[in-house]
There are 2 protein chains.
Amino acid sequence: MKPPSEKSAGRRKSRPSFEPLQPHEIELADFFVRMAGILGVPRSVAEIYALLYVSSGPLDFDHIQGRLGISKGSVSQGLKFLRDHEMVLSVKEKGARRERWQPTPSLAASLVALLRSQVLPALEQAQPGLQRVLADAQQRGAQPEVIERLSRLNRWNSRALELAPLLLPPPGA
Amino acid sequence: MKPPSEKSAGRRKSRPSFEPLQPHEIELADFFVRMAGILGVPRSVAEIYALLYVSSGPLDFDHIQGRLGISKGSVSQGLKFLRDHEMVLSVKEKGARRERWQPTPSLAASLVALLRSQVLPALEQAQPGLQRVLADAQQRGAQPEVIERLSRLNRWNSRALELAPLLLPPPGA
DNA sequence: GCCTAGGTTCAAAATTTATTGAAACATCAG
DNA sequence: CTGATGTTTCAATAAATTTTGAACCTAGGC
């Protein structure tokens, strides 16, 4: 057990103390935050990405936390999100224990992966339900107008699912 | 427990009672709700759209409220949103005071309008800021890698703004 | 094994966003 | 003009989401 107060007893690693974001960094972060907002990506995630994006080399966990002034938990979760969506890469130097992070080369690819992960599951999951809705309407002799709408929706869904792997090839392709 | 349904209690004009959504309607609503969620559109808005989408004719305010079981305020705001994004049309019958609503013919066009309204303003607003960030980086002699990233971001932004009016023509075009 | 730097988890707290409903407003018929 | 109907507004409330931080893992050096 560690006593919580570690003022200046014995050998203390000097708290690195990171600079807050500079104006130009804030500007870029704002841009990413707004764009991310459209897709429902949390502010902290966008900020982490923005910071890596304007930084010259890969940054480690503590730098990210320090410069953004957010909690460990947020950094961890944010990096997990970015990792899961293939938006960042870790560079592990040999002999070093920490991981250091940088944005993946192509922002375009990153966005595509993100969209893919959001839209595809929804389309897949909806497929059977939509078919059922259409069948239901036909069976009940709904208005032709409604049948037509529901048919179109089904066709779209199918085509989107067919096209998806071509336009947005998954990691392994 | 459901509120007492007075289906059988005489047809009185004072309190028209509406049926809750049927299973097939719920299914479609769920689909729209999920899709809308990706773009941050509230549940109630998606539900309204879904209801209009499966309904044979245009529906009036009270029908929408009654069948979805949501508040007047939500219906009003939801319809405003859908109107603003050109996703619904009102059909005013002559001599009638109420407006009746139906989805616009093309769902595709509706989605495009929606995206347009979300993304374009962000791109426009970001333009000067992004240029400033790049200029800043160049002036401070940032790493070529960073300069390159920021340049690409600027080019993208510009091109997106140029292309936008072509791909997503505004109402008047 | 033991220790600890490095990172994750997750319940609680903070924040943001959506919904409600009563009051205000608007429009039309009489 | 007046009253009734139909709709909007918006402050209060409810619901959903994000952030925090302390407890908890995990791998690697000793």
Side-chain angles (χ1 to χ4, degrees), chain A residues 1-6 9-16 18 29 32-34 36-49 58-84 88 90-101 118, chain B residues 3 12-16 18 29 32-34 36-49 58-84 88 90-101 118:
Chain A
M1 294 219 179
K2 207 193 307 197
S5 99
E6 41 186 297
R11 156 173 92 82
R12 281 276 141 267
K13 228 188 236 176
S14 55
R15 196 173 295 274
F18 299 95
F32 280 119
V33 166
R34 259 200 299 284
I38 293 172
L39 288 172
V41 174
R43 153 174 292 266
S44 64
V45 174
E47 284 179 348
I48 293 172
Y49 188 85
L59 299 186
D60 68 30
F61 197 104
D62 288 350
H63 273 260
I64 296 170
Q65 186 189 351
R67 297 224 49 214
L68 293 177
I70 62 182
S71 70
K72 257 176 143 191
S74 283
V75 175
S76 176
Q77 288 171 185
L79 284 175
K80 178 178 191 335
F81 179 98
L82 292 170
R83 237 186 285 131
D84 289 350
V88 297
S90 92
V91 183
K92 224 183 215 146
E93 287 177 20
K94 63 178 174 185
R97 215 150 12 133
R98 340 191 94 202
E99 300 203 86
R100 308 178 70 216
W101 301 93
Q118 305 232 71
Chain B
R12 75 183 72 120
K13 189 180 190 181
S14 55
R15 183 114 169 292
F18 299 97
F32 280 119
V33 167
R34 259 201 298 286
I38 293 173
L39 288 173
V41 174
R43 155 172 291 267
S44 64
V45 173
E47 284 179 348
I48 293 172
Y49 188 85
L59 299 186
D60 67 31
F61 196 104
D62 289 349
H63 274 260
I64 296 170
Q65 186 190 351
R67 297 225 45 216
L68 294 177
I70 62 182
S71 70
K72 264 176 152 189
S74 283
V75 175
S76 176
Q77 288 173 188
L79 284 174
K80 178 177 192 333
F81 180 97
L82 292 170
R83 239 185 285 131
D84 289 350
V88 297
S90 93
V91 182
K92 223 182 216 145
E93 286 177 22
K94 63 179 173 185
R97 195 114 70 101
R98 336 192 98 204
E99 300 203 86
R100 308 178 70 216
W101 301 92
Q118 304 233 73

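Because the structure is predicted, anything quoted here is derived from the model rather than measured. Naming: A, B, ... by sequence-line order, numbering from 1 per chain.
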Peer 1: Find the distance F61(B):CZ to dA26(C):C1' and express it as a whole number of Å.
Peer 2: 14 Å
Peer 1: Please state how far atom CG in D62(B) lies from atom C1' in dG21(C), giving the value in whole angstrom units.
Peer 2: 15 Å
Peer 1: Between atom CD in Q65(B) and atom C1' in dA22(C), what is the gap in whole Å?
Peer 2: 13 Å
Peer 1: Does any N or O donor sit under 3.5 Å from an N or O acceptor when you compare the side chain of K72(B) with the base of dT7(D)?
Peer 2: yes
Peer 1: Please report the distance, rounded to the nearest Å, between CG in L59(B) and P in dG6(D).
Peer 2: 15 Å
Peer 1: Does a side-chain N or O of R83(A) approach OP1 or OP2 of dT8(C) to a distance below 4.0 Å, or not?
Peer 2: yes
Peer 1: Does S44(A) make a side-chain N or O approach to OP1 or OP2 of dT19(D) shorter than 4.0 Å?
Peer 2: yes
Peer 1: NA contact type, E99(A), heavy-atom cut-off 4.0 Å: base, sugar-phosphate, or nothing?
Peer 2: sugar-phosphate
Peer 1: Could you check how far CD of E47(B) sits from C1' of dA15(D), rounded to whole Å?
Peer 2: 14 Å
Peer 1: Just N and O in the side chain of S71(A): are any of them under 4.0 Å from OP1 or OP2 of dG21(D)?
Peer 2: no
Peer 1: Expressed as a whole number of angstroms, how long is the span from R43(B):CZ to dT20(C):P?
Peer 2: 11 Å
Peer 1: Between R98(B) and D60(B), is the closest basic N to carboxylate O distance under 4.0 Å?
Peer 2: yes
Peer 1: Any chance you could measure I48(B), atom CD1, to L79(B), atom CG, to the nearest 0.5 Å?
Peer 2: 5.0 Å
Peer 1: Can you tell me which nucleotide in dT8(D), dT19(D), dG6(C) comes closest to the side chain of R98(A)?
Peer 2: dG6(C)
Peer 1: What does R100(B) touch in the nucleic acid at a heavy-atom separation under 4.0 angstrom: a base, only the sugar-phosphate, or nothing?
Peer 2: nothing
Peer 1: Looking at the side chain of S74(B), which of dT19(D), dT19(C), dT9(D) is the nearest nucleotide?
Peer 2: dT19(C)
Peer 1: Between R97(A) and G73(A), which residue's closest nucleotide on DNA chain C lies nearer the 5′ terminus?
Peer 2: R97(A)
Peer 1: Could you walk me through whether W101(A) and R83(A) pass side-chain contact (heavy atoms from CB on, under 4.5 Å), step by step?
Peer 2: CA-CA 10 Å; W101(A) 301 93; R83(A) 237 186 285 131; 3.4 Å; yes
Peer 1: I'd like to know whether R100(B) forms a side-chain contact (heavy atoms from CB on, under 4.5 Å) with L59(B), so could you lay out the CA-CA distance, the side-chain angles of the two residues, the decisive distance to 0.1 Å, and finally the verdict.
Peer 2: CA-CA 5 Å; R100(B) 308 178 70 216; L59(B) 299 186; 5.9 Å; no
Peer 1: Whole angstrom is fine here: how far is it from NZ in K80(B) over to P in dA18(C)?
Peer 2: 15 Å
Peer 1: Where is the tightest heavy-atom contact between E99(B) and S90(B), given as atom of each residue plus distance?
Peer 2: OE1-OG, 2.9 Å
Peer 1: Return the value, rounded to whole Å, for the distance between atom CD of Q77(B) and atom P of dA22(C).
Peer 2: 16 Å
Peer 1: Checking all strands, does I70(A) fall into the base, sugar-phosphate, or nothing category for heavy-atom contacts under 4.0 angstrom?
Peer 2: sugar-phosphate
